[in-house]
Each structure stands twice: as C-alpha cells, then as structure tokens.
**Student:** 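Encoded as structure tokens, here's the structure I'll be asking about.
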Amino acid sequence: MGARDLRRSIAILAAAILLAASGESYGAGPGEQPGTSEPSPVADNAAVQDIPADISPLPFPDTADLSSSPDNAAAWDNTAAAGEEAEIREPSFGGESPAPEVSDPVEPVNRGIFYVNDKLYRWVFKPVAKGYKYVVPDPVRVSVRNFFLNLGMPIRAVNALLQGKFGDTGTELARFGINSTIGMAGLFDAAKEFHLTRKDEDTGQTLGVYGLGPGFYLVLPILGPSDARDAVGLVGDTYLDPLTYLLSFEWALGAQFVRSQTDLTFRINEYEELTDAAVDPYAAVKDFYLQYRAKKIKE
C-alpha cells in the first residue's frame, strides 16, 4: 500500500471516528460528556499536573505543554544546557481538579494496547533515548528539538487561526520567520530574544473549542493515550505537518521517530513517576491525559 492509499485509509477511519464522537458527545463540554462511565475507583492514583505531551509510553509530538523553546546560545555552555533541560521538564505532579468523565467502551482492547506500549517504552524507546542522551551533547539535542518545533509551525499557526487567536497566529508566523533566518533554519530559538513565545495548539484542541467532546477514550499503538476527538485531530495535524509532503512515507516515519526520541531525552522517567506509584497505571494515565487535554482546550 502506497503512502497515498494509506493516507486515504486513515482519512476514512478518522471520519468514522469523528462521526462516532460527534454522535456521543457533540456540544458537551470537556468535563460533561453524556453517556460517560462511572469515575475510576483508582482515579486518585492519577497525579495530575500541567504538563505536555501526554505522559505515555511515547511522547506526543507537539501536544505537550512544554515551556518555551530553550535559548540555544546559552545552551552551548554546559551549565546553561542543564538549565535548559530543567526548563523543558515539567513541574512535579500536583493535585488539580478531577479528570473529566469520558466513556471507555473498548477498555479491554485499550488495556491490551497499553500493556504493549508500556513494554515498548521500557524495553525499547527508553533505552534508546538514554543512549541517545549519553552520546549526543545537550546543545545538539536542543537544536534538533528546536528544528522540529520550527518545522511544525503550520500546525500551531493554522489551529490558532481557526480558534480565533489572531495574535497567536501572528506570533507563530513571526517566530517562524525569525528562527528560519537568524536562528539558522530553526536550530536556534532566536525569537525568544524578541519575547515571542511558542503557542501550543493542535487540531484536537480546535475541535474541542468548537464544541466537539472527547467522545470515548482510546489508546493508540505506540502513540499512547488519546480519545476519539484527538485521534481525528491527529489526522488533521498529519496533513498540516510539512514532513508529510517534504519526505517520502518511510523517511517521514524516520523523522518522526527522531523527533519523538529527542523530546523523550528531556523527559526520561516522567512516565514512571506517574505509573510506578499507581495501583492501576492504566487508570492513572487515562485520568491524567483527559485532565490535561480538558485544561488545554479551556486555555
């Protein structure tokens, strides 16, 4: 199956999920979806915080509530580089409002995928990220991360525009222009010197802003926790991602792997901080993800 056929199949699947989601929760707010299941008895295990990219077996590209991109000029100093990494990491888990109730009609399947994802993270992706971090200096990894963040500008700018955040759209365009020139193709976050901070927007948030509820909870292979709305949003983000058009399907997958592994090197052990202390790691990750996404939509 060629890349075009695969994209067509994904689009059809996304449309089906979107219809299911809209039928179940259109018009409901992030925390009040009709037909939701009872709260998880282990919901208290889901330590909640303001973070990004979902704590999951694999980091979510650009859906993370990360701090603004590090200043690479300072990062070339070892002490500053350590500070950059601390800035990228999220704050320690803190208690907030309970996660919104979202139905989980395919929980047995979700739990099976969660188990496989968990083993892939612990046995494959985390060891690779640790080796990557050991071999590649901090300033280089920061620059790789900045490059991919700069390349993902269309996802953030278009969704900010669709949400009516015209100032954020202008900020993203200005950041792209500055970082692509002064910042040497995005390797350096030169826009930070002009007090232009990156905006974190994606298609899933846009759908939520327009009133589409989460629908039902999903765990995606490799990608981790999601819901019907965000799964559709992921397809939209894929079509807005320049990598989809600049590279062949195989090379685009490779670039996505490098992007996710680079991001993971700055957040190693965060997943364990959430799951290892939980009685039910599946419920902890689920509640944490849903609470985080609901907060992002309200912002």
**Student:** If I compare all heavy atoms of Leu240 with all of Pro154, which pair ends up nearest, and what's the gap?
**Tutor:** O-CB, 3.4 Å
**Student:** How long is the straight-line distance from CG of Leu234 back to CG of Leu218, given to the nearest 0.5 Å?
**Tutor:**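 Leu218 CG to Leu234 CG: 11.0 Å, rounded to 0.5 Å.
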**Student:** Between the side chain of Thr244 and the main-chain N/O of Thr238, is any donor-acceptor distance below 3.5 Å?
**Tutor:**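 Yes: the side chain of Thr244 pairs with the backbone of Thr238.
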**Student:** Is the shortest heavy-atom distance from the side chain of Leu243 to the side chain of Trp251 under 4.5 Å?
**Tutor:** no
**Student:** Within the 3.5 Å criterion, strictly below it, is a donor on Lys192 or Asn179 matched to an acceptor on the partner's side chain?
**Tutor:**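 Side-chain D/A pair, Lys192 to Asn179: absent.
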**Student:** Rounded to the nearest 0.5 Å, how far apart are CG of Leu220 and OG of Ser226?
**Tutor:** 4.5 Å
**Student:** To check you understand the geometry: which heavy-atom pair defines the closest contact between Phe114 and Val285, and what is its length?
**Tutor:**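 The pair with the smallest heavy-atom distance is CE1-CG2, 3.9 Å.
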**Student:** Looking only at side chains, do Asp104 and Asn110 share a donor and an acceptor under 3.5 Å apart?
**Tutor:**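 Asn110 and Asp104 do have a side-chain donor-acceptor pair below 3.5 Å.
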**Student:** Is any side-chain heavy atom of Arg156 closer than 4.5 Å to one of Asp168?
**Tutor:** no
**Student:** Apply the test side chain to side chain contact (heavy atoms under 4.5 Å, CB included) to residues Leu274 and Glu270: give CA-CA distance (whole Å), side-chain angles for both, the deciding distance (0.1 Å), then the verdict.
**Tutor:** CA-CA 7 Å; Leu274 176 62; Glu270 285 190 356; over 6 Å; no
**Student:** Looking at Asp227 and Arg293, is any side-chain nitrogen of the basic one under 4.0 Å from a carboxylate oxygen of the acidic one?
**Tutor:** no
**Student:** State the CG-CG distance between Leu173 and Leu196, to the nearest 0.5 angstrom.
**Tutor:** 11.0 Å
**Student:** Start with the C-alpha gap between Tyr217 and Asp287, add the side-chain angles, then the distance that decides, and say whether side-chain hydrogen bond (donor to acceptor under 3.5 Å, both in side chains) holds.
**Tutor:** CA-CA 10 Å; Tyr217 183 67; Asp287 292 345; over 6 Å; no
**Student:** Going by heavy atoms in the side chains, are Thr203 and Tyr239 under 4.5 Å from each other?
**Tutor:**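 No, their side chains stay 4.5 Å or more apart.
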**Student:** Just to verify, what does Asn150 make a side chain to side chain donor-acceptor pair (under 3.5 Å) with, not counting sequence neighbours?
**Tutor:**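 Checked Asn150 against side chain to side chain donor-acceptor pair (under 3.5 Å); matches are Ser180.
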**Student:** Please test Glu172 against Arg198 for salt bridge (charged side-chain N to carboxylate O under 4.0 Å, His left out), starting from the C-alpha separation and ending with a verdict.
**Tutor:** CA-CA 7 Å; Glu172 279 297 321; Arg198 179 172 55 88; over 6 Å; no
**Student:** Take Asp263 and Arg259, measure what salt bridge (charged side-chain N to carboxylate O under 4.0 Å, His left out) needs, and give me the verdict at the end.
**Tutor:** CA-CA 6 Å; Asp263 185 60; Arg259 173 158 58 184; over 6 Å; no
**Student:** If you define the side chain from C-beta out and look only at heavy atoms, does anything of Asn146 sit under 4.5 Å from Leu187?
**Tutor:**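 The answer is no; the side chains never approach within 4.5 Å.
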**Student:** Given 3.5 Å as the limit, does a donor-acceptor pair link the side chain of Glu201 with the main chain of Ile155, or not?
**Tutor:** no
**Student:** Closest approach of Phe125 and Gln261, non-hydrogen atoms and distance?
**Tutor:** O-NE2, 3.1 Å
**Student:** Could you give the distance from CG (Leu264) to NZ (Lys126), rounded to the nearest 0.5 Å?
**Tutor:** 9.0 Å
**Student:** Starting from the C-alpha separation in whole Å, work towards a yes-or-no answer on side chain to side chain contact (heavy atoms under 4.5 Å, CB included) for Lys119 and Val124.
**Tutor:** CA-CA 8 Å; Lys119 299 308 177 186; Val124 179; over 6 Å; no
**Student:** Tell me, do Lys199 and Asn159 make a side-chain contact under 4.5 Å, heavy atoms counted?
**Tutor:** no
**Student:** Going from NZ on Lys130 to CG on Asn269, what distance comes out if it is rounded to the nearest 0.5 angstrom?
**Tutor:** 7.0 Å
**Student:** Begin with the C-alpha distance, continue with both residues' side-chain angles, and end with the deciding distance and a verdict on side chain to side chain contact (heavy atoms under 4.5 Å, CB included) for Tyr282 and Asp118.
**Tutor:** CA-CA 10 Å; Tyr282 171 84; Asp118 181 82; over 6 Å; no
**Student:** Can you confirm whether Pro225 sits close enough to Phe288 that some side-chain heavy atom of one is under 4.5 Å from a side-chain heavy atom of the other?
**Tutor:** no
**Student:** Is there side-chain contact between Phe147 and Phe188, with at least one heavy-atom pair below 4.5 Å?
**Tutor:**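 No, too far: nothing below the 4.5 Å cut-off.
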**Student:** Between the side chains of Thr265 and Arg141, does any donor sit under 3.5 Å from an acceptor?
**Tutor:** yes
**Student:** Does a side-chain heavy-atom distance below 4.5 Å link Arg122 with Tyr271?
**Tutor:** yes
**Student:** Evaluate the side-chain hydrogen bond (donor to acceptor under 3.5 Å, both in side chains) criterion for residues Gln205 and Tyr210: first the C-alpha distance (whole Å), next the side-chain angles of each, then the deciding distance (0.1 Å), finally the verdict.
**Tutor:** CA-CA 9 Å; Gln205 293 180 51; Tyr210 279 93; over 6 Å; no
**Student:** Which heavy atom in Gly204 sits nearest to a heavy atom in Asp230, and how many Å separate them?
**Tutor:**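 Answer, listing the atom of Gly204 first, then Asp230: CA-OD1, 3.5 Å.
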**Student:** Considering non-hydrogen atoms only, spot the tightest contact between Ala190 and Ile182 and give its length.
**Tutor:** CB-CG2, 3.8 Å
**Student:** Step by step, work out the side chain to side chain contact (heavy atoms under 4.5 Å, CB included) result for Asp280 and Arg111.
**Tutor:** CA-CA 11 Å; Asp280 185 351; Arg111 284 185 177 273; 2.8 Å; yes
**Student:** According to a 4.5 Å side-chain heavy-atom criterion applied to Ile, Leu, Val, Met, Phe, Trp and Tyr, with indirect links allowed, do Phe194 and Met184 form part of one hydrophobic cluster?
**Tutor:**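 Shared cluster, no.
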**Student:** Once rounded to the nearest 0.5 Å, what's the spacing between atom CG of Leu161 and atom OG1 of Thr206?
**Tutor:** 9.5 Å
**Student:** Run Lys296 and Asp202 through salt bridge (charged side-chain N to carboxylate O under 4.0 Å, His left out) and show every step you take.
**Tutor:** CA-CA 10 Å; Lys296 292 297 296 181; Asp202 57 57; over 6 Å; no
**Student:** Specify the closest pair of heavy atoms between Pro137 and Val135, including all atoms of both residues, with the distance to one decimal.
**Tutor:**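 Residues Pro137 and Val135, closest heavy atoms: CD-O, 3.6 Å.
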